[in-house]
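Data block below; observations after.
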Amino acid sequence: MRRGQALIDTLRARPWGFAAVIAIALLIANVVARSSFATPSSWPATLATFAPFALAAMASTPQILSGAGNIDISIGPLLNLINIVIVAVLIPHGLGSPWVAVPIALGIGAVVGAINGVLVAGMRFQAVLATLCTLFVLEGVAQKILPNPTTGTASWLAHLGNKVGPIPGALILIVVPFLLWFALGRTAYLRTLFSVGGDDAASFSAGVNVTAVRVIAFTLGGVLAGVAGIALAAATQSGDASQAIQYTLPALAAVAIGGTSLLGGRGSLIGSVAGAAIMFLIQTLLDSLAVSDLWLQVVYGMLLLLAIVFSSMLAAPRAVKARTA
Amino acid sequence: MTAARAPAAVPPAAPHKAQPAGILLEVHGLAKAFGPTRALRSCTFELRAGEVHAIVGENGSGKSTLVKILAGVHRPDAGEVAIGGRRVRGRPSPRAAQESGVVTVFQEVLVVGPQPVLENVWLGTDGVFARRVPVAEKRRRAEEALGELLVTPPPLDVPAEALSLSDRQACCIARALVRDPRVLILDESTSALDVATRDRLFATIQRLCAQGVGVIFISHRMDEIQELADRVTVLRSGQSVATLGRGDADTGVIVRHMTGEDHLTAGVETVPSRARVRGEALLSTEGLRLHPAAEPIDVEIHGGELVGLAGLEGHGQDAFLQALRGAGANAGRVMAGEEARTEIGSPLEAFRAGVVYVPRDRRAESVFPTLSVLENFSVPTLGSDRRAALVRWRATRRRLGEYVQRLGIRLAHPNQPIVALSGGNQQKVILARWLAARPRVLLLNDPTRGVDLGAKRDLYRVLEQLAGQGVAVVMVSTEVDEHVELMDRVLVFREGSLSRTLSREQLSRTALISAFFGESA
């Protein structure tokens, strides 16, 4: 009992911990429901499906951390557009080499993210409105480039979608943002980002360049959307403009489930991955249990709600009412 | 003694080292308007190296605007600022101001709650990516600065939100100290500090001045200004009306310059005593403990009483006030209502029993910054202006009008945003909000914090009136004079227990301060 309390206290200091615990529980449930889930040979495919979603969640995190209600809802269409550019533009035009395609993918992400950042932090438009406009533009561009779904692949994409040596390719892609995050942690940026998100008035008065920090947060999100676009291309080896917004809302939900405050200043990248894992594992669990397609969304939504309630109950400080008369 | 110097008299761009006793900062004809409000009309003064220069003025006299211009938050409409003889040009920003050596501690306690103390102290010193100061040095100097200000400095790794208000403000001051300012601006920074920290800050100010730093000191406490200031510049309606030397700046003279009228009384005179009635018991505690080891507190508070809660910061007076509104006692009972017979278990029950609480931290706990004055006023009492399900705003405006007059609230229009008012006027609106709920017991948490003399006098008058009408007023105050002047009874707290009760006859500065430290005078 006491040890349980100690564990809860440890987790409370790290809000992503609860999401991680629930994700692990769901992982076990998945293995119980379908033992093949634990077979190593199935991992690359499972992870490849998971990676674009996890990366979309990570790509949505820095903007939210930067505070002031900032949010980027154009991440979903952005990563879909980048996927389409790789599959339907770069590869057919002989630019499919990773040395060319990867920088272009990340570059598109950075530019779009920076534009969002300037609109929101520089010109002070409401984040939801500004990035909604970006969302429409990106969706339109994707449809113009690729009116009909198509397939296209390159050997490096195929490897990333399966295995690179012994390692599932998707795992490498998921690790990339963490390396970037770690590198930024060696600079002043991450701490400044959390300060700005925690209290922008205090940060501004102390001399922090709040606008620059926020523009960079959006740019960083865009770069991660580039990684997510590569992951989607690797997983599907095809492009489909109609899938533009499939990741938008789930990615934001994953961030919130992962313990990141939508008010900014509190949260983590790993929480977003854990949040994404929860949502993904509920879906695979329902698949394994052969829940009827007609009920799938309903059950999915309800289980998700349960996960949120559970984690917030654990995270809330216990109401102590010691009124001994 | 006005310090109106022609700008031409300043040696152009002389390096400040060449004139150690010279002028660090010069402000000439500074003006700033926000829409139709002319916050600052014409402000002129100079800051010498090694002096403490106090700026005083009523609420809305332009002090905060002046500070924000000097701190780089606002750009002036007219006039100029020269630092070390060099005119300030270019786009203002807090960063630019700090790089030119002007560092400001604001009235609001500006810490980033979730970030550790260390980050809060060094906030803004790094570039967006570049780290300018090694971590080891950051830790050492943060410890040094906090150690100078606090008897028990907090660990550097705890989040700032875990600290007391006083310690959080100490973080803000430490943030200024580690930047080695040439000009240090303290804007009402002492109002959030406890007594011990304030004394240590004063020692620090004296150390800095001896090193040639110039300090601009803004405070509503005349005792602080008397103790510290070498010169005093008085602002009235956005204009600098006088700069007084130490010898000339007694409270009476300052107040006269502030109000512009000679017949007004000075700050520390006693208010004319009123007929003191003692009505029925309205609030009582039985075996109330603020923490498990504390002595139980049994107190009865009657209608028509003004009760002060005093003590060193964090010694239980806040907690006791919270307990009186049904929040957070460790053990025991609080009773209110008719003959104090209804037990209170929550702030809502307290409110229903006529116990109304006005919090301390205006920014965090009281003001809805996005709403208008009228909306802020009417939040808890909107129901009384209903006809069927619709609100008659005209009735609300009429109700607000009464309090505008009674409290002397200065506002342009009831629908203007509350954040457009000065701090003291915001506080009056908040008080009006709760007075409109017609409380039987009014609990006030340091209501005059950061409020100017004129507004304080208004507030005291209203509290006297309320007591005369049979309301019980219980008030935490950090100002000793306030207790001596106003209260019928002062409860002094020490280490979480009620240590002494001083009646009106026993009240004096010495008696009160001795009681703070557990000695009987």
Side-chain angles (χ1 to χ4, degrees), chain A residues 12-15 62 65-69 114 117 121 180-181 183-220 259-261 263-268 317 319-325, chain B residues 67-68 71-73 93-99 103-106 108-116 118-133 135 159-161 168 171-172 175-176 179 187 286-289 291-292 328-334 343 345-346 363 369:
Chain A
R12 193 163 287 153
R14 292 167 193 79
L65 286 177
S66 78
L180 199 57
W181 206 244
L184 285 172
R186 311 283 291 174
T187 73
Y189 181 72
L190 272 198
R191 281 172 297 126
T192 318
L193 174 65
F194 278 93
S195 293
V196 166
D199 193 322
D200 48 5
S203 301
F204 175 72
S205 75
V208 175
N209 189 339
V210 172
T211 309
V213 167
R214 288 191 167 141
V215 171
I216 291 166
F218 276 85
T219 311
L220 186 62
T260 296
S261 162
L263 300 172
R266 297 166 206 259
S268 62
V320 190
K321 210 170 185 197
R323 298 192 68 194
T324 41
Chain B
V67 167
K68 284 185 175 150
V73 176
S93 74
R95 183 164 208 113
Q98 284 165 21
E99 275 164 5
V103 181
T104 308
V105 181
F106 292 93
E108 298 86 11
V109 179
L110 290 168
V111 294
V112 182
Q115 289 288 90
L118 181 69
E119 288 308 317
N120 269 293
V121 170
W122 286 95
L123 186 64
T125 46
D126 286 327
V128 172
F129 290 106
R131 290 179 158 178
R132 304 246 163 86
V133 185
V135 178
E161 62 201 352
R168 273 181 274 159
C171 285
C172 294
R175 184 188 298 155
R179 283 161 209 249
D187 179 10
E286 281 171 28
L288 185 77
R289 284 176 205 269
H291 59 83
N330 188 272
R333 310 203 302 166
V334 178
E343 185 170 353
S346 73
R363 187 177 167 223

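Letters go in sequence order (proteins before strands), and every chain restarts at 1. In what follows, every heavy atom counts, from backbone to side chain, and hydrogens, waters and symmetry copies are set aside.
- Minimum interatomic distance between B:R95 and A:G207 (heavy atoms only, all atoms of both residues): NH1-O, 2.6 Å.
- In this structure the side chain of A:Y189 never reaches within 4.5 angstrom of the side chain of B:D126, judged on heavy atoms.
- Both the backbone and the side chain of A:R191 come within less than 4.5 Å of a heavy atom of chain B.
- Proximity to chain A is absent for every atom of B:A71, based on heavy atoms less than 4.5 angstrom apart.
- For chain A, the nearby part of B:V111 is the backbone; its heavy atoms alone come within less than 4.5 Å.
- No side-chain heavy atom of B:T104 sits less than 4.5 Å from a side-chain heavy atom of A:S205.
- Among all heavy-atom pairs drawn from B:F129 and A:I216, the shortest one is CE1-CD1, 3.7 Å.
- Proximity to chain A (any heavy atom under 4.5 Å) is restricted, for B:E161, to the side chain, taken from C-beta onward.
- The shortest side-chain heavy-atom distance between A:V208 and B:L123 falls under the 4.5 Å cut-off.
- Contact count against chain A (heavy-atom pairs under 4.5 Å) is highest for B:R179 among B:R179, B:R132, B:E286, B:E108.
- Remark: B:N120 CG to A:S195 OG distance equals 6.5 Å, nearest 0.5 Å.
- Enclosure of atom CZ in A:R186 is not indicated, since only 12 or fewer non-hydrogen atoms of other residues, nucleotides or ligands lie within 6.0 angstrom.
- Of the listed residues (A:S261, A:A201, A:A212, A:A202), the greatest number of heavy-atom pairs within a distance under 4.5 Å of chain B belongs to A:A202.
- Taking both residues in full, the closest heavy atoms of A:A188 and B:G127 are given as CB-O, 3.7 Å, listed atom of the first, atom of the second, then distance.
- Separation of atoms OG1 (A:T192) and CD (B:Q115) is listed at 9.0 Å; rounding is to 0.5 Å.
- Contact of A:L184 with chain B is made through the side chain alone, with heavy-atom distances under 4.5 Å.
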